[in-house]
Number of protein chains: 2
Amino acid sequence: MLSRDRIVTAAIAVIEREGADAVSMRRIAAELGVGVMSLYNHVPNKSALLDAVAETVLSQIEFTDDPAAHWTQRVRMQARAFRQIAHHYPRCTMVVVSRQLRSTAGLLPVERALATLRDAGFDGREAVQMLRVFIAYIVGSLLREVGVTPTFAPVRPDIAVAEVDPALFPMVSAFAPDLMACDHEEEFDFGLELLVQTMAVRAEQAAGREG
Amino acid sequence: MLSRDRIVTAAIAVIEREGADAVSMRRIAAELGVGVMSLYNHVPNKSALLDAVAETVLSQIEFTDDPAAHWTQRVRMQARAFRQIAHHYPRCTMVVVSRQLRSTAGLLPVERALATLRDAGFDGREAVQMLRVFIAYIVGSLLREVGVTPTFAPVRPDIAVAEVDPALFPMVSAFAPDLMACDHEEEFDFGLELLVQTMAVRAEQAAGREG
DNA sequence: ACCTGAACACCGTTCAAGT
DNA sequence: ACCTGAACACCGTTCAAGT
């Protein structure tokens with residue numbers, strides 16, 4: 001028996017196996033052994049199906065940050081929880097970050113983050129600004145991690161020797177080893193720490209202003 | 001007379017007018033008044049054409065930072081120069097950031113940024129890490145600005161009243177006005193300043209270590 | 001060297017017909 | 001209520017035929 005859930009699950013499976021560009025209504029129908037048009041009894045169109053994919057992946061994020069912990073630690077935990085998407089569903093990541101969800105699954109992470117930033121002592125405007133900085137950083141980092149965006153490694157992994165002209169690009173050539181290697185967790189945590197620490201400085205200033 | 005340049009220009013025009021999803025070889029050919037297959041005399045395939053689109057847009061970035069200026073100011077200027085893409089070619093932005101270019105146009109911004117970060121006193125490893133943080137932030141910010149990624153405004157602009165349940169999402173509801181309004185330049189500069197300032201602290205530490 | 005139409009294997013979605 | 005095949009208007013790309 002066909003159902004919305006089975007369709008969404010099949011869509012995620014196809015995306016993870018063959019990529020978000022390869023996914024199609026016909027491909028998903030084949031995966032389920034049904035005719036294409038059967039899908040339309042449970043999902044209005046492809047766009048809504050991709051929304052459902054994003055929603056399902058988002059709702060599986062496990063936020064484990066302790067409400068009693070210091071807010072800086074909670075921000076770190078929330079950011080890392082979000083990054084789990086890139087681990088569990090790398091090829092769905094672009095779909096997740098590019099769908100404009102106004103559902104519970106979409107707004108819950110925002111709600112949590114805003115609450116944490118309010119705890120830090122920011123007013124509404126500041127909290128929203130900080131949230132946007134974090135989201136931008138996280139989205140940018142995840143897209144690099146899943147290969148949507150380049151790492152700027154000057155050579156392709158399938159090519160043995162460096163191709164970049166050292167005369168034209170002295171820096172890129174000199175730092176080729178550092179550009180080639182990209183430990184995604186390490187790079188993510190580095191920037192996260194940078195952001196959390198400046199944010200802590202700002203929070204103190206905000207608290208000082210308020211008295 | 002058809003040419004690679006004319007094809008790329010037409011592709012950019014179509015993308016800006018109708019969106020990156022709507023662009024097709026057939027659509028571009030129609031735009032130029034030629035048969036689809038004529039394009040293939042100048043461009044090997046659609047993927048290569050999109051690479052050329054990214055390259056053309058990237059090469060139009062005007063880096064105007066003064067080499068004599070303080071490195072923090074140069075970082076700011078370079079980041080803002082990159083953001084101009086979102087202004088001039090909003091609907092090409094996703095194409096630009098998602099193409100893995102190893103050409104001059106693709107590597108020049110990286111080369112400039114690394115040189116600036118070296119001037120700041122970072123070693124190769126640190127410079128690459130800082131570069132990645134900046135790129136992630138910029139990419140994330142640009143995708144928000146051009147509408148690929150959500151702003152998390154709790155209501156749609158075409159709907160007059162807030163739809164979010166204040167009981168479920170007290171923060172999102174309370175800060176709805178701040179979430180609705182998003183001055184992209186202001187938000188971008190806010191996070192940029194945050195990053196530049198922590199980076200300056202790190203640079204001092206790096207300089208201190210070195211002697 | 002450059003342009004082209006026909007053809008192939010794909011898309012998403014509508015509609016009318018089945019159960 | 002749910003499934004479905006035919007049909008329509010699209011894709012990117014190959015190939016053989018033109019100039």
Side-chain angles (χ1 to χ4, degrees), chain A residues 1-57 91-101 147-148, chain B residues 1-57 91-101 147-148:
Chain A
M1 185 58 175
L2 210 48
S3 73
R4 204 187 112 106
D5 266 8
R6 285 192 60 213
I7 293 172
V8 173
T9 304
I12 292 174
V14 171
I15 292 173
E16 287 306 320
R17 200 180 323 121
E18 305 174 24
D21 291 338
V23 82
S24 72
M25 298 302 272
R26 294 175 126 102
R27 183 70 196 72
I28 294 164
E31 181 87 0
L32 291 163
V34 299
V36 206
M37 292 318 298
S38 306
L39 304 181
Y40 288 83
N41 292 305
H42 303 88
V43 158
N45 51 45
K46 189 183 181 183
S47 175
L49 175 52
L50 291 179
D51 279 349
V53 165
E55 207 139 335
T56 301
V57 170
R91 309 184 90 171
C92 286
T93 301
M94 187 61 210
V95 174
V96 173
V97 302
S98 64
R99 294 271 129 188
Q100 318 254 355
L101 304 178
V148 169
Chain B
M1 182 61 174
L2 210 48
S3 72
R4 205 186 112 105
D5 267 8
R6 285 192 61 213
I7 293 171
V8 173
T9 304
I12 292 174
V14 171
I15 292 174
E16 286 307 320
R17 200 181 323 123
E18 304 174 28
D21 291 338
V23 82
S24 73
M25 298 302 273
R26 293 175 127 102
R27 184 69 198 74
I28 294 164
E31 181 86 2
L32 291 163
V34 298
V36 207
M37 291 319 298
S38 306
L39 304 181
Y40 288 82
N41 292 304
H42 303 89
V43 158
N45 51 46
K46 190 183 181 181
S47 175
L49 175 52
L50 291 179
D51 279 349
V53 165
E55 207 139 336
T56 300
V57 171
R91 307 183 92 170
C92 285
T93 301
M94 187 59 210
V95 175
V96 173
V97 302
S98 64
R99 294 271 129 188
Q100 317 254 355
L101 303 178
V148 169

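None of the values given here were measured: they were computed from a predicted structure. Letters go in sequence order (proteins before strands), and every chain restarts at 1.
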- Task: Go ahead and name the base partner of dG12(C); Watson-Crick or wobble counts if both distances stay under 3.5 Å, otherwise write none.
- Result: dC8(D)
- For the student: nearest non-hydrogen atoms of A20(B) and R91(B), plus distance: CB-O, 3.8 Å
- Message: Could you tell me if the side chain of V53(A) sits less than 4.5 Å from the side chain of R99(A), heavy atoms only?
- Response: no
- Provide the closest heavy-atom pair for I7(B) versus H42(B) in the form atom of the first, atom of the second, distance. CD1-CB, 3.7 Å
- Report, as a single string ordered 5' to 3', how protein heavy atoms within less than 4.0 Å touch nucleotides 1-11 of chain C: B base, S sugar-phosphate only, - not at all. -SBBBBB---B
- Task: Measure across V14(A) and R27(A) and return the closest heavy-atom pair with its distance rounded to 0.1 Å.
- Result: CG1-CG, 3.8 Å
- Note on the structure: Atom CG of L50(A) and atom C1' of dG12(C) are separated, to the nearest Å, by 12 Å
- Are any of the side-chain heavy atoms of R6(A) and I28(A) separated by less than 4.5 Å? no
- What does dC2(D) pair with, Watson-Crick or G-U, if both distances are under 3.5 Å? dG18(C)
- Message: How close do L2(A) and L39(A) get, counting heavy atoms only, and between which atoms?
- Response: CD2-N, 4.3 Å
- Message: Heavy atoms within less than 4.0 Å of DNA chain C: which residues of residues 5-21 of chain A have one? Give them sorted by number.
- Response: none
- Item | Which atom of C92(B) lies closest to which atom of V57(B), heavy atoms considered | CB-CG2, 4.3 Å
- Message: Taking CZ in R17(B) as the centre, count heavy atoms belonging to other residues, nucleotides or ligands within less than 6.0 Å. Is the count above 12?
- Response: yes
